Amino acid sequence: MTEAQAGEFDYIIVGAGAAGSVLAERLSADPETRVLLLEEGKGAGGHWASSVPGASGWLLRDPSRVYRYQVEPGARGPAERWLRGRMPGGTSAVGAMLWLRGGAADWARMAQVTGSEDWDWPEMSGALRRLEHHAFGGSELRGRGGPVSLRLAGPLRPLMQAVMTAGAESGWRQREDPNEADPEGLGPAAWTIDDKGRRVTAWTAFVRGAKDRQNLRIETGVRVDRVLVDEGRAYGIEGRRGSAQLLFRCRGEVILCAGAVITPKILMLSGIGDGMALRRAGIETRHHSPNIGRGLRDQMMLVTNWRLRHWRDSDNRAYSGGRLWVNALRYLLSGSGVMSQGGAELVGFLSSHKAAERPDIMITAAAHSHEVVPGISGLETEPGMRLTGHALRPESSGYVFADGPDPDMAPRIEANHLATERDRARAIAALRRLRELARRPALSEFVEGETVISAWAKSDDDILDLYRRYGRSAGHAVGSCAMGPDDLDPLDSRLRLRGIERLRVCDASIFPEVPAGGTLAPVMAAALRAAEFILADAAERDGEAEEDAELKATSETEDEAGEVAAEAAVAQPETPDDSPTETPADSAEAPSAPAPRPAA
């Protein structure tokens with residue numbers, strides 16, 4: 001094995017995505033702390049196309065930039081592939097750029113299921129504000145001056161203004177600020193795009209400004225295979241770059257930030273997980289933690305296309321022929337136009353029924369429409385817009401497991417979408433709410449109707465069949481290494497893995513439920529909280545070590561004093577002639593006098 005190290009590190013961070021990038025910057029802020037950041041994707045500077053919002057489709061087709069995980073369909077869900085970023089910045093470099101932070105009720109629920117107020121709204125809204133720099137101004141609810149630049153979609157085009165009006169006709173609240181504590185209603189999306197039209201990734205927001213720190217070492221192109229554990233304590237990681245095996249040692253903590261799919265795989269390859277599942281995979285059990293890999297939850301979404309009456313309202317021709325070059329030139333010169341936009345212009349949070357305590361459906365709207373075929377498809381050749389329904393906070397749960405001891409083997413994933421009656425009811429309601437919106441009078445001059453690919457689904461059973469055929473993951477998987485108050489929960493509320501010292505997890509896998517409409521903002525906020533936990537725990541360990549050292553020094557001093565006193569007692573000074581003397585017979589500790597010799 002090749003030793004790829006220069007001494008030991010204080011912290012080893014696995015994964016340079018939404019969480020790992022934040023942690024690398026925060027933990028390396030102390031120049032006395034040595035931090036190692038490992039990323040499987042190549043290129044320490046990211047990729048130029050990741051800064052162009054309109055280049056997402058191109059990146060998603062590049063297998064060197066995106067993981068493609070095959071997912072077993074389950075009883076009701078589709079067979080699908082999950083796409084995740086495989087480059088510095090992770091999925092924040094290839095995703096839809098929507099900043100969805102969740103509301104007060106969402107984080108109150110998170111505090112409830114984790115058993116800790118560390119995850120309640122007061123703490124998490126504060127972390128979110130520290131992250132944000134809103135181009136539309138700061139307030140009590142939103143930050144200004146943080147590293148993540150955000151702007152609102154807009155100014156809204158006539159089509160999107162009509163969608164807003166249609167929402168009002170449906171009785172939906174008109175929401176101007178997507179960061180309100182109560183997110184219910186329809187309004188413009190907040191994008192992780194700066195005022196120059198460039199995508200803001202976790203890497204560009206955090207690592208780019210810190211990568212020249214002498215105490216931060218960044219290694220890209222490294223696949224981490226397992227955590228090294230000895231006597232219940234993590235002390236390093238083992239991985240590979242090309243054909244070379246690598247080992248990095250850590251005197252502080254190993255922090256896994258590899259995502260809801262790869263983090264549990266790494267743990268299982270390390271012998272940490274459910275003992276029975278490990279035996280089935282041919283892996284020796286080092287620590288039994290039965291729920292690692294289980295509890296996987298992911299939002300399912302359904303995209304519907306709506307035929308528009310006029311080409312002027314659709315972007316379907318914006319990325320082809322001469323228009324592509326015109327739009328590319330416009331973007332290069334001014335950072336504006338269709339290539340500077342996020343994945344959706346409007347976001348709405350709604351309730352599937354009147355008794356719902358908080359919104360349980362999310363919808364998005366965009367002025368383009370994709371061909372509905374498996375995989376990454378192109379834009380339709382006719383004018384269209386896209387309305388997408390998401391069923392929030394699913395009850396159905398699946399799993400992700402290592403499929404064998406070989407790190408080259410792909411993980412085994414079952415999403416188990418729509419396994420409960422409640423999830424199926426919400427999925428059906430999501431499509432019906434989309435249709436209700438699209439058929440309002442405000443959209444009659446824009447929309448001809450729903451395209452044939454989904455229009456046939458009328459009954460509840462038809463709609464569920466439509467989901468089985470064309471539904472897919474929203475890319476918001478959580479729960480596969482979740483925190484919670486029970487001893488069987490893999491993590492405690494400070495993200496420490498139960499049963500293994502100096503091993504922590506921070507990525508989407510930590511959340512028992514999807515905390516918002518998306519995971520980017522929650523994961524980055526969780527990383528800020530994790531940095532606070534890590535530094536506080538380190539300070540406590542240092543304090544205990546100093547106290548132990550002081551106690552040891554005091555004990556040694558007392559021992560030395562005792563030895564000196566004992567030596568002084570043995571080596572008594574000579575007694576003056578006029579002083580009474582102690583004969584050997586007077587002392588119980590003195591040796592006996594020799595017996596007198598017999599007379600001759």
Side-chain angles (χ1 to χ4, degrees), residues 15-25 41 46 50-51 53 56 59-60 66-67 82-103 106-107 110 119 124-125 127-134 142-143 146-153 178-179 183 189-194 198-207 257-263 297-299 301 341-344 347 349 362 364 388 390 392-393 473-479 506-511 513-530:
S21 295
V22 175
L23 283 166
E25 189 277 330
S50 67
S51 67
S56 292
L59 286 172
L60 290 171
V66 175
Y67 298 102
W82 285 1
L83 305 182
R84 298 293 188 272
R86 189 182 188 181
M87 58 191 299
T91 305
S92 73
V94 299
M97 295 156 284
L98 298 181
W99 188 256
L100 303 166
R101 57 188 349 233
D106 296 316
W107 291 107
M110 189 62 62
W119 300 98
M124 297 309 295
S125 62
L128 288 159
R129 288 197 304 273
R130 292 196 297 275
L131 288 170
E132 299 166 342
H133 177 71
H134 287 275
R142 57 183 183 236
V148 182
S149 294
L150 301 169
R151 68 183 177 91
L152 276 180
N179 299 284
W191 293 332
T192 53
I193 299 174
D194 65 18
R198 299 172 301 193
R199 177 202 292 264
V200 178
T201 72
W203 179 271
T204 58
F206 287 91
V207 181
C257 305
V261 173
I262 295 301
T263 284
R297 300 188 187 203
D298 186 32
Q299 294 170 0
M301 67 180 189
Q341 297 177 353
V347 176
F349 291 93
M362 182 177 79
T364 61
T388 304
H390 303 69
L392 301 180
R393 294 180 297 279
S473 163
H476 302 151
V478 303
C506 184
D507 52 37
S509 71
I510 70 172
F511 296 122
E513 298 179 355
V514 184
T519 52
L520 175 59
V523 167
M524 294 180 78
L528 284 185
R529 302 290 291 130

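In this text the structure is predicted, and so the values were computed from the model without any measurement.
- Not counting sequence neighbours, the partners of Arg199 by the side-chain hydrogen bond (donor to acceptor under 3.5 Å, both in side chains) test are Ser56.
- Among all heavy-atom pairs drawn from Ser21 and Ala16, the shortest one is OG-O, 3.0 Å.
- Applying the side chain to side chain contact (heavy atoms under 4.5 Å, CB included) criterion to Ala127, with sequence neighbours excluded, gives Arg130, Ala525, Leu528, Arg529.
- In this structure, Trp82 and Val261 have side chains that are in contact, with non-hydrogen atoms separated by less than 4.5 Å.
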Show the numbers, then the answer: is there a side-chain contact (heavy atoms from CB on, under 4.5 Å) between Met362 and Leu100? CA-CA 11 Å; Met362 182 177 79; Leu100 303 166; 3.9 Å; yes
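- By the side-chain hydrogen bond (donor to acceptor under 3.5 Å, both in side chains) test, Ser473 pairs with Asp298, sequence neighbours left out.
- Residues passing the side-chain hydrogen bond (donor to acceptor under 3.5 Å, both in side chains) test with Thr204 are Thr201, sequence neighbours excluded.
- Among all heavy-atom pairs drawn from Leu520 and Leu98, the shortest one is CD2-O, 4.5 Å.
- Considering every non-hydrogen atom in both Ala477 and Arg84, the closest pair reads CB-NH2, 3.8 Å.
- Ion pairing between Asp106 and Arg393 holds under the 4.0 Å rule for side-chain N and carboxylate O.
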Arg142 vs Leu128, test: side-chain contact (heavy atoms from CB on, under 4.5 Å). Steps then yes/no. CA-CA 8 Å; Arg142 57 183 183 236; Leu128 288 159; over 6 Å; no
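- Thr263 places a side-chain N or O within donor-acceptor distance of the main-chain N or O of Ala258, the cut-off being under 3.5 Å.
- Each of Ile193, Val200, Thr192, Asp194 was scored for a side chain to side chain contact (heavy atoms under 4.5 Å, CB included) with Leu150, with one residue passing: Thr192.
- In plain terms, the two heavy atoms of Met110 and Glu513 that are nearest each other are CE-O, 3.5 Å.
- Side-chain contact between Glu25 and Val207: absent, with no pair of heavy atoms (C-beta onward) separated by less than 4.5 Å.
- Panel note: side chain Thr519, backbone Ala508; no donor-acceptor pair is recorded below 3.5 Å.
- With values rounded to the nearest 0.5 angstrom, Leu59 atom CG is found 11.5 Å from Leu83 atom CG.
- Proximity of Pro522 to Arg101: side-chain heavy atoms (C-beta onward) are nowhere separated by under 4.5 Å.
- When side chains are defined from C-beta on, Phe206 counts as touching Met524, because their heavy atoms get closer than 4.5 Å.
- Using a 4.5 Å heavy-atom cutoff, the side chains of Ser50 and Met87 are in contact.
- Here Trp99 contributes atom CH2 and Ser92 contributes atom OG; the two are 9.5 Å apart, rounded to the nearest 0.5 Å.
- Of all the heavy atoms in Gly89 and Ala202, the pair that sits closest is O-CB, 4.4 Å.
- His476 and Gln299 share a side-chain donor-acceptor pair at under 3.5 Å.
- Partners of Trp107 under the side-chain hydrogen bond (donor to acceptor under 3.5 Å, both in side chains) rule, at least two apart in sequence or in another chain, do not exist in this structure.
- Taking all atoms of both residues into account, the shortest heavy-atom contact from Ala344 to Trp191 is O-NE1, 2.8 Å.
- With sequence neighbours excluded, the residues that form a side chain to side chain contact (heavy atoms under 4.5 Å, CB included) with Ala19 are Cys257, Cys506, Val523, Ala527.
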